[in-house]
Amino acid sequence: MTDAADSPGSLPGEFDLIARYFAPIAAVFPGALGLKDDVALLDVAPGHQMVATTDAIVAGVHFLADDPPDLIAKKLVRVNLSDLAAKGAKPLACLLALALPRATSPSWLEAFAKGLAEDCASFALPLAGGDTTATDGPLTLVLTALGEAPRGQVPLRSGAKVGDRIFVSGTIGDGALGLEVARAGLAELAAPLRSHLLRRYRIPEPKVQLGLALRGLVHAAIDVSDGLLADLGHICAASGVAADIQAAMVPMSDAVQIALARDPALLARVLAGGDDYEILFTAEPGDSDRIVEAALAVGVPVTGIGFIASPPPDGAPNVRVGDLKAMETVLRVGGYRHF
Ligand code: ADP
Ligand code: MG
């Protein structure tokens with residue numbers, strides 16, 4: 001049931017809309033100027049540089065138009081924060097550009113702003129500005145996140161060195177199998193496992209504190225959005241190296257392990273699927289203890305999954321999974337348990 005005040009097309013004008021839904025989220029940040037000026041003002045700490053990232057999401061492409069609006073807002077904030085996290089950047093502020101279909105209702109915007117406010121507060125990423133426009137096309141949202149990191153210390157994709165150890169935070173595969181659950185797959189899994197996977201897919205947990213804790217210890221880093229193998233391939237391509245990892249070393253949640261035990265064919269999906277938003281990085285092997293301790297101090301486990309090697313011969317893959325066949329076989333006979 002929709003009442004008249006919540007009917008499509010009954011949104012307030014642009015200025016009232018900004019004042020009502022977005023200015024409260026900007027209130028904690030003086031540089032936002034109350035969203036009443038043309039620009040926002042940002043300071044970067046001395047000796048630091050600004051780290052900027054942006055993501056655009058479109059209804060029907062990156063999410064469904066009837067997904068819960070607060071979750072759309074949170075995922076948008078979190079995928080951007082994940083990029084800052086991988087680079088060891090401290091969040092400063094964000095900018096939001098919205099193209100709203102004319103049929104957008106006030107209750108949709110209300111719920112969207114609520115989710116946005118919650119995440120901007122909990123991740124200390126205040127809203128500093130943006131743009132709002134109407135569209136005859138699909139709902140389109142663009143968030144730009146700005147952070148800061150010590151100058152010259154940002155771990156790039158291109159920083160991996162031969163002999164580096166490869167680490168990944170958290171667990172891998174929850175995002176890919178969560179997408180499967182969202183598409184009504186994996187129905188045979190117990191409900192708590194399915195909801196764990198779905199939650200990890202819908203509301204990823206960007207590893208911001210981990211990124212900060214690892215400052216100075218990391219050679220190359222990327223967040224796992226395209227999938228573990230693809231993102232490791234991005235590091236290898238940018239660094240001109242190869243990577244050797246062991247499938248059995250890749251950290252997996254109970255839910256993923258149980259799903260794999262039931263259906264070994266999911267292994268490829270776990271390693272190649274996306275949306276985990278963990279940090280994948282390379283570092284000096286001799287720093288392993290310091291890295292594991294720094295990670296434990298912020299409550300996020302990191303796991304060594306392999307090593308960086310010399311560049312592959314022309315045309316050969318730059319990411320090699322040493323025990324893929326062996327692990328598939330173990331899974332098929334039902335013997336695999338990680339922990
Ligand atoms: P301009 O005329 O420069 O485009 P606007 O009238 O679009 O300015 O915006 C007025 C103020 O409101 C600016 O501070 C802008 O950053 C802010 N703003 C507009 N849309 C949004 C939004 N969706 N989220 C946050 N701030 C916004
Ligand atoms: Mg504008």
Side-chain angles (χ1 to χ4, degrees), residues 5-44 50-84 89-148 202-204 206 208:
D6 191 39
S7 60
S10 62
L11 282 180
E14 185 188 342
F15 297 116
D16 290 342
L17 185 152
I18 293 163
R20 173 160 173 200
Y21 297 106
F22 297 118
I25 312 175
V28 294
F29 187 65
L33 308 172
L35 303 185
K36 288 180 180 147
D37 211 309
D38 301 297
V39 296
L41 305 177
L42 285 103
D43 290 318
V44 182
M50 190 171 283
V51 181
T53 181
T54 195
D55 266 288
I57 58 173
V58 179
V61 180
H62 304 95
F63 62 93
L64 300 175
D66 59 0
D67 280 350
D70 54 330
L71 294 189
I72 296 171
K74 288 183 177 214
K75 186 147 187 184
L76 182 61
V77 170
R78 290 168 184 229
V79 298
N80 276 283
L81 279 167
S82 182
D83 283 315
L84 292 186
K90 177 172 157 246
L92 286 177
C94 64
L95 302 160
L96 173 70
L98 295 176
L100 298 173
R102 292 171 212 287
T104 305
S105 66
S107 62
W108 188 95
L109 211 53
E110 183 92 40
F112 177 83
K114 181 165 176 286
L116 183 68
E118 282 172 10
D119 271 10
C120 286
S122 62
F123 291 102
L125 183 78
L127 188 62
D131 195 31
T132 306
T133 173
T135 178
D136 293 322
L139 172 63
T140 301
L141 310 162
V142 183
L143 193 95
T144 300
L146 305 170
E148 67 178 17
R202 283 198 160 157
I203 337 184
V208 177

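Note that ligands are numbered from 1 as they come in the structure, with each ligand's atoms numbered from 1 the same way.
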Please identify which atoms of ligand 1 are closer than 4.0 Å to at least one heavy atom of T132. 19 (C), 20 (N), 21 (C), 22 (C), 23 (N)
Any non-hydrogen atom of F15 lying under 4.0 Å from ligand 1? yes
Note: L35, heavy atoms under 4.0 Å from ligand 1, region reported as both
L98 heavy atoms within 4.0 Å reach ligand 1 at atoms 23 (N)
Within ligand 1, which atoms have a heavy atom of L127 less than 4.0 Å away? 24 (N), 25 (C)
Report the distance from atom OG1 of T140 to atom NE2 of H62, rounding to the nearest 0.5 Å. 9.5 Å
Of D37, D38, L143, the residue with the heavy atom nearest atom 10 (C) of ligand 1 is D37
I'd like to know if E110 pairs up with K114 as an ion pair, taking the criterion as any Lys NZ or Arg NE/NH1/NH2 lying under 4.0 Å from an Asp or Glu carboxylate oxygen. no
To the nearest 0.5 angstrom, please state how far the CG atom of D131 sits from the CD atom of E14. 6.5 Å
Tell me which one of I57, L64, V58 satisfies side chain to side chain contact (heavy atoms under 4.5 Å, CB included) with V61. V58
Those atoms of ligand 1 less than 4.0 Å from some heavy atom in I18: 12 (O), 18 (N), 19 (C), 20 (N)
Gap between atom CZ of F22 and atom CG of L35 - 0.5 Å precision: 9.5 Å
Shortest heavy-atom approach to atom 7 (O) of ligand 1 - which of I25, V142, D131: D131
If only atom types and distance count, is the side chain of T135 paired as donor or acceptor with the main-chain N or O of L100 below 3.5 Å? no
Proximal atoms of ligand 1 relative to E14 (non-hydrogen, under 4.0 Å): 5 (P), 6 (O), 7 (O)
Keeping the roles fixed (side chain from N80, backbone from V77), state whether a donor-acceptor pair exists under 3.5 Å. no
